[in-house]
There are 2 protein chains.
Amino acid sequence: MKRKITLKDIARELDVSISTVSKALKNSREISKDTKDKVKAFAKLYSYKPNIIALSLKQRRTKNIGVIIPDIVHHFFTTVFRGIELYADAKGYNVIACVSDESFDKEVINMELLANGSIDGFIMALSAETQLKNDVNHLKEITNQGMPLVLFDRITDEIICDKVILNDFEASYGAVKKLIDNGRKRIALITTESYFNVSEKRAQGYYKALKDHDLELDEDLILRLPYQFENETKSETFFKSNKIDAVLCVNEIFAVRAMKTAQKNGLKIPEDISFIGFTDGILSKLATPTLTSLAQHGEKMGKMAAKMLIEKIERDDDAAVEETFRTEIIEATLIERESTIN
Amino acid sequence: MKRKITLKDIARELDVSISTVSKALKNSREISKDTKDKVKAFAKLYSYKPNIIALSLKQRRTKNIGVIIPDIVHHFFTTVFRGIELYADAKGYNVIACVSDESFDKEVINMELLANGSIDGFIMALSAETQLKNDVNHLKEITNQGMPLVLFDRITDEIICDKVILNDFEASYGAVKKLIDNGRKRIALITTESYFNVSEKRAQGYYKALKDHDLELDEDLILRLPYQFENETKSETFFKSNKIDAVLCVNEIFAVRAMKTAQKNGLKIPEDISFIGFTDGILSKLATPTLTSLAQHGEKMGKMAAKMLIEKIERDDDAAVEETFRTEIIEATLIERESTIN
DNA sequence: TATTAACACGAAACCGTTTTCGTTGTTAGT
DNA sequence: ACTAACAACGAAAACGGTTTCGTGTTAATA
């Protein structure tokens, strides 16, 4: 790669000192108009741009933020990422993206890699494995170093830091209530294994809604699928052996798959059975029938996370203001489509 | 943020010079075993990690690669990104992700921002606006500086650099041929506006296949939709006014939307009409009926792009080897599902 | 005329590394 | 006893900037 022009080059060429060049370019009043003009002209001519790395070293801040997400080929995370990138970009920050691939080890490695100067702060959602092991020492180390951290969606109570989450409990409660109001009695829940923070909270909302409306909690109506399930046999028998008239799913993929098997088993949607799924992605809009879903507003969540992080980063520069941590809650909204009756 | 421990700190504490510490940690034979042990023990105790920024400045390489994609909430780009991240990570590189949002200006700004030392090379796909304006001076500047660049999917002939693309023409040709072999006569094409490089190539494949099989090219059978179209009226009339028995779509969203309107107009898939779409994403697998599609192997493409870029970066370090540029072609594969007849 | 303030600029430290090139003190060789 | 070789370490330059603190010159003031 060709060497780019530096202050030193300009100084040598114009026979002034490096300091003079630096000051001239920053319009310091120490420098005479003449020299300023000369320097600026020369700099423009050779399209001088300060070296970001040198700046980072000097200022001890990189204007980079690290984002670690479990999966990138995933609608929700993708929209969050978009929000982060949008906000960060507007504030002059770059985003370094790492994918943990739901793996604990990758998460740890990536964090350590980035923590040594590459970034000014982290935004992340815990990997599945991390949640399963419930081991968050790597996060503790980061926060102990005083590195700003914002957790979103897949959070943990073990770490004290800024967080942004969905109102999972209430959203789930509301969705089930709506199904009940529509006259549904045997409402199923299709969820992941329970170590997922959010799934658990959604399940709680489901339980509470049933209870508040005097519906019995029937364990047979709860189907727990592995996170990345491919085979449909479990859900086949699920629909065959239970007289289900409504289903809440913790994500849209589960929902659409379930709709397909329900249809295959002769059920009509929404006449015989209603469906609601979390994540209002492209699938919800284009499934047959279209799926009533709970929009998680990922972009909003991402923007919020980025905002919180950058505020913390830039506050750190100031004197020792009292540290405070917030948890922001994004409210899901129910988007009604064909899979439920209005 | 707390200051992290530096070589200088260790040197002061152990009463040796900075150089000694540095050498000891790198196991230099210049240093006695005693001092090495002492230094290493101390470093481990205080978990010393070299400052990446200082290293980058010194070595004039950042181990970062910049990725600029038009859209992140988009299955194909997302899979490519995943491939890039996977490969880069394995090689010890970080990925700085920027989203151009299909905007020329954002693309330019982001590139300039990153080009000043933050990264060792670029991987990108052109934004829609850039393709429309056909202005790639910002890319020229980058390559003129000797910064390695790999273009994927949305490429341009104006820039000489490494590229990785799909065999769009052949894939399209093959898909249409398959439809013809199945006895289809009135085959439509649903595509974007023509300034998209790939759409154009796919259209060419479509033309050629028709011609080779003595089917007349009927302009009425070609529907050009805006890239992000929301309203279906155009495609409504399209299906009403033409007796179409097969459709090739340049992406799966177009395809699934088209299937829905076709079904709404009483057409049976695949009996009355067949569908094939590019992009083998989640939609293709979960649409009703499931969609026969051309897998673009985004992850493979991403890995390839990352491989090419990193090879170039690391070759740059060596002496002036003769510069050569490659264009790698990824072959699409047809995944047959319910929307076509076997 | 001597003092002083303003002006315009340069030297040097600093950020945290790596690396080259001394500089010691010891040991071996003649 | 003198030199050569070697082992073990330190000084300093370099990467490319910013910033503090002089310093020399000129013009205004007492």
Side-chain angles (χ1 to χ4, degrees), chain A residues 1-40 42-43 46-64 115-120 145 317, chain B residues 1-40 42-43 46-64 113 115-120 145 316-317:
Chain A
M1 194 145 50
K2 249 179 254 173
R3 287 278 277 278
K4 306 198 63 171
I5 187 172
T6 71
L7 288 187
K8 193 196 278 189
D9 298 332
I10 303 185
R12 183 174 1 88
E13 228 46 47
L14 260 43
D15 209 42
V16 291
S17 78
I18 295 183
S19 354
T20 302
V21 178
S22 173
K23 290 170 187 164
L25 291 175
K26 323 200 83 180
N27 237 327
S28 158
R29 79 192 58 188
E30 283 185 50
I31 308 297
S32 71
K33 184 162 184 325
D34 270 13
T35 0
K36 272 191 211 170
D37 289 348
K38 208 173 50 172
V39 170
K40 283 183 190 166
F42 191 91
Y46 288 91
S47 62
Y48 165 81
K49 300 272 166 49
N51 178 309
I52 303 260
I53 297 293
L55 271 178
S56 296
L57 181 59
K58 177 81 210 189
Q59 329 266 38
R60 285 218 217 65
R61 44 152 46 234
T62 61
K63 284 261 181 180
N64 286 158
N116 294 109
S118 299
I119 59 166
D120 297 337
Q145 283 173 30
D317 297 352
Chain B
M1 195 147 48
K2 250 181 252 173
R3 287 278 275 279
K4 307 197 64 173
I5 188 171
T6 70
L7 288 188
K8 194 195 279 189
D9 298 331
I10 303 186
R12 183 173 2 88
E13 226 47 48
L14 261 40
D15 209 42
V16 291
S17 77
I18 296 183
S19 352
T20 303
V21 178
S22 175
K23 289 170 188 164
L25 291 174
K26 324 200 84 181
N27 238 326
S28 158
R29 80 192 58 192
E30 284 184 48
I31 307 297
S32 71
K33 182 160 185 322
D34 270 14
T35 352
K36 273 190 208 168
D37 289 348
K38 208 173 51 174
V39 171
K40 282 183 190 168
F42 192 92
Y46 289 90
S47 62
Y48 165 81
K49 300 274 167 46
N51 179 308
I52 303 260
I53 298 293
L55 270 178
S56 297
L57 180 59
K58 179 84 222 212
Q59 330 266 38
R60 287 217 218 64
R61 45 152 44 232
T62 62
K63 284 261 180 180
N64 287 158
L113 206 67
N116 294 109
S118 299
I119 58 166
D120 297 337
Q145 284 173 29
D316 262 17
D317 297 352

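What you see is a predicted model; the values in this text were computed from it and never measured. Heavy atoms only: backbone and side chains are in, while hydrogens, waters and symmetry mates are out. Every chain is numbered from 1 and lettered A, B, ... according to where its sequence line falls, protein lines coming before strand lines.
A distance of 6.5 Å separates NZ in A:Lys49 from NZ in A:Lys4, rounded to the nearest 0.5 Å.
A distance-only check finds no donor-acceptor pair linking the side chain of A:Thr62 to the backbone of A:Ser56 [under 3.5 Å].
Under the ring-ring contact (aromatic ring centres under 6.0 Å, His included) criterion, B:Tyr48 pairs with no residue at all, not counting sequence neighbours. For B:Ile119, the side-chain contact (heavy atoms from CB on, under 4.5 Å) partners are B:Asn64, B:Ile96, B:Leu114, B:Phe122, B:Met147, not counting sequence neighbours. For the side-chain contact (heavy atoms from CB on, under 4.5 Å) test, residues two or more places apart in sequence or in another chain that qualify with B:Lys23 are B:Ser19, B:Ser28, B:Glu30, B:Ile31. Considering only residues two or more places apart in sequence or on other chains, B:Lys8 meets the side-chain contact (heavy atoms from CB on, under 4.5 Å) condition with B:Thr6, B:Ile18.
Checking A:Lys49 against B:Val16, the closest nucleotide of DNA chain D that is more toward the 5' end is the one next to B:Val16. Along DNA chain D, the nucleotide closest to A:Lys8 and the one closest to B:Thr35 are compared, and the more 5′ of them pairs with B:Thr35.
With rounding to whole Å, B:Ile53 atom CD1 is found 14 Å from C:dT18 atom P. Going from atom NZ of B:Lys4 over to atom P of C:dG16 covers 12 Å, rounded to whole Å. Counting to the nearest Å, the P atom of D:dG17 and the CG atom of B:Leu57 are 9 Å from each other. To the nearest angstrom, P of D:dG10 lies 15 Å from CZ of B:Arg12. For B:Lys38 and D:dA8, the NZ to C1' distance is 12 Å, given to the nearest whole Å. The interatomic distance linking B:Ile10 (CD1) with C:dG16 (P) rounds to 13 Å, in whole Å. Taking atom CZ of A:Arg61 as the reference point, atom P of D:dG17 lies 18 Å away to the nearest angstrom. Between the CD1 atom of B:Ile18 and the P atom of C:dC14 there is a distance of 11 Å, given to the nearest Å.
Close to D:dT18, at under 4.0 Å from its OP1 or OP2, lies a side-chain N or O of A:Ser22.
Look at B:Lys38 and B:Asp34 and you find no salt bridge, because none of the NZ, NE, NH1 or NH2 atoms lies under 4.0 Å from a carboxylate O.
Heavy-atom minimum distance, B:Leu14 versus B:Val39: CD2-CA, 3.8 Å. Between B:Gln145 and A:Met1, the shortest heavy-atom distance links the atoms O-CG, 3.7 Å.
Evaluation of atom-type donor-acceptor distances gives no pair under 3.5 Å for the side chain of B:Lys58 against the base of C:dT17.
Listed nucleotides D:dT18, C:dG16, D:dA11 differ in distance to A:Leu7; the shortest reach to its side chain belongs to D:dT18. Taking every side-chain heavy atom of A:Ser19 into account, C:dG10 is the closest of C:dC15, C:dG10, C:dT18.
The residue A:Ser56 sits apart from the nucleic acid: no heavy atom pair falls under 4.0 Å. Residue contacts shown for A:Thr6 are limited to sugar-phosphate atoms, with no base heavy atom under 4.0 Å away. Among the atoms of the strands shown, only primed sugar atoms or phosphate atoms (P, OP1, OP2) are found under 4.0 Å from some heavy atom of B:Leu55.
Considering B:Val21, B:Asp9, B:Ile5 as possible partners of B:Phe42, the one that fulfils the side chain to side chain contact (heavy atoms under 4.5 Å, CB included) test is B:Ile5.
Rounded to 10 degrees, the angle between the two end axes of the helix from C:dT1-D:dA30 to C:dT30-D:dA1 is 80°, with five pairs used at each end.
Across residues 23-32 of chain B, B:Lys23, B:Glu30, B:Ile31, B:Ser32 each have a non-hydrogen atom less than 4.0 Å from an atom of DNA chain D (numbered order).
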